[in-house]
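Note sheet for the following structure.
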Number of protein chains: 2
Amino acid sequence: MKQNSKYKYEYERPALASDCVMFGFDGGELKLLLIEREKEPFKNKWSLPGGFVFMQETTEECAKRILLEKAGIKNVFIEQLYTFSEIERDPRERIISVAYFALVNTQQYEVIAGRDTLKAEWFELSKVPKLAFDHSKIVKTAIQRLKGKVSYQPIGFELLNEKFTLTQLQALYEAILEEPIDKRNFRKKILGMGFLKALEEKEKNVAHKAARFYSFDKKAYKELTQKGIHFEL
Amino acid sequence: MKQNSKYKYEYERPALASDCVMFGFDGGELKLLLIEREKEPFKNKWSLPGGFVFMQETTEECAKRILLEKAGIKNVFIEQLYTFSEIERDPRERIISVAYFALVNTQQYEVIAGRDTLKAEWFELSKVPKLAFDHSKIVKTAIQRLKGKVSYQPIGFELLNEKFTLTQLQALYEAILEEPIDKRNFRKKILGMGFLKALEEKEKNVAHKAARFYSFDKKAYKELTQKGIHFEL
DNA sequence: ATCCTTAGTGTAAAATTTACACTAATATCA
DNA sequence: TGATATTAGTGTAAATTTTACACTAAGGAT
């Protein structure tokens, strides 16, 4: 026990932390933001961005703070994933981690990530190395959750620009679900749901027919949800 | 700070607890096990069974221990629900709660629950009073989760006897989803999935045609899952 | 002007879902 | 013991949804 141990409790308490699985997409495979650890344990190993929960913040606020501090990212979709409480998950002492997953538009944040001295890098899912602590397990859980969720909640849009083409959207779903989708059926279905707003704008400077941009119409989606109509792919 | 405060930390730490939402079913409406608080705060208010997490147990082990200690229940389906971390959720001090939900065969445990001095009682969902702390919110989250989950995972069986009739199973789904289901279509679909084993045994001493009993064939279900065939109602 | 590449579109067949009503079995009651 | 009351158990046709599939349009590059 350190000398400057200021807080005393009658019963032993585990430490509380939050780790974030950040998914990004820029057209190819789904990506994950990882951070190289600077200290022991697991020095120089890749890990999820994470940190201890302050007394004045909820775990979600903590997760958002971590995203900002470690990757310069804010205002993104974030959702609680799972709480990991294995006793030996951290070799130093007992630390409970409330994990979150975030969906990030990679294009928008590519540059900002890793702005301070931290070594942060996007990894394609198939190229993610073995991670520090139980972070590989956390990532696995997050992928499962994302796959499961993407078919019945319109969260995929969070990974794209505000304006996107249907081809981009389809590529995203194919990347997440890891299976090919029929172009015509996909368009029929997704447009039929009535929450995609066709924009006037089209792609520019492409060496082929320019694709129309669409945006996700949150208001229309909300109205549909309230009518009991639910997204399903 | 009490005098016998034996554990010292450099940074302030919240306490860690676990609360359990136990769902039970005995044919009518879905039920919830609640416990009357004996102490302040919220003295004499109904609350979820809960308790602090020990250093030698995971949160799930803690939840199972609570089920056993407070309701005499063991070997039931349990799953992590959500972690509640609002700063003021407990008026005494900051307590993080990792909530779990459990599915219990009410018939099997009716008697055991409330065996010690605790006042424990099953409440029909529509008759659940306002609960202590943020427990009403936890219950709401649990109901949402159960409703969402029951359609694509065969967890409903956990609420029934090992042997059940199709009518019982249908009644359970109707109770959870809160909507009527067509008898013939329900049977066609659920039997078509191939994980219900028809037993020889039938109901006895009923004043009408005796219904056949079925059981959930875990092995068959596992095989189907591995083949990529998934439950869906 | 030709080529290359991706956008955008419809239809027919198959599969699934829905709506719906009568006979069978068994204890109870008159 | 026969009538009654109650729930079990079953099939089919129509509607809807899902699937499979191929060509023309547009735009920059050569």
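Please read these numbers as outputs of a predicted model, since none were measured by experiment. Every chain is numbered from 1 and lettered A, B, ... according to where its sequence line falls, protein lines coming before strand lines. Any value given below was found using the heavy atoms of this structure, including those in side chains, with hydrogens, waters and symmetry copies removed.
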Mutual orientation of the aromatic rings belonging to B:Phe216 and B:Phe157 [parallel < 30°, tilted 30-60°, perpendicular > 60°]: parallel

Any N/O donor-acceptor pair, B:Arg184 side-chain to C:dA21 base, under 3.5 Å: yes

Donor + acceptor pair across side chains of A:Thr167, A:Arg187 (<3.5 Å): yes

Any donor-acceptor N/O pair under 3.5 Å between D:dT12 base and B:Lys188 side chain: yes

Below 4.0 Å: OP1/OP2 of D:dA8 and any side-chain N or O of B:Thr167: yes

Distance, rounded to the nearest Å, where A:Lys189 contributes NZ and D:dT17 contributes P: 10 Å

Sugar-phosphate only, base, or nothing, as touched by B:Lys183 at under 4.0 Å among non-hydrogen atoms: base

A:Phe231-A:Phe195 aromatic ring centre distance below 6.0 Å: yes

Atom pair distance, as rounded to whole Å: NZ in B:Lys209 and P in C:dT23: 13 Å

Candidates D:dG27, D:dA8, D:dA25 - which lies nearest the side chain of A:Ala210: D:dG27

Integer-rounded Å distance: D:dG9 P and B:Leu166 CG: 6 Å

Spacing between A:Asp182 atom CG and D:dT18 atom C1', to the nearest angstrom: 10 Å

Between B:Phe164 and B:Tyr214, ring centroids under 6.0 Å: no

Spacing of B:Met193 atom CE relative to C:dT16 atom P, expressed in whole Å: 12 Å

Side chains of B:Glu60 and A:Ser85, donor plus acceptor under 3.5 Å: no

Shortest side-chain distance from B:Arg187, nucleotide among C:dA25, D:dG27, D:dT10: D:dT10

Between protein and nucleic acid, restricted to nucleotides 27-30 of chain C and to nitrogen or oxygen atoms under 3.5 Å apart, what atom pairs and distances do you find?
from	atom 1	to	atom 2	distance (Å)
C:dA27	O4'	B:Val206	O	3.3

Atom-pair distance (CD1 on A:Ile181; P on D:dC21), nearest Å: 17 Å

Interatomic distance where CZ belongs to B:Phe186 and P belongs to D:dT10 [whole Å]: 14 Å

Nucleotide nearest A:Asn185 (side chain, heavy atoms from C-beta), chosen from C:dC20, C:dT26, C:dG10: C:dG10

Donor on one side chain, acceptor on other, B:Asn161 and B:Gln107, under 3.5 Å: yes

Near-ring test A:Phe25/A:Phe23, centroid separation under 6.0 angstrom: no

B:Glu232 CD - C:dT16 P separation (whole Å): 12 Å

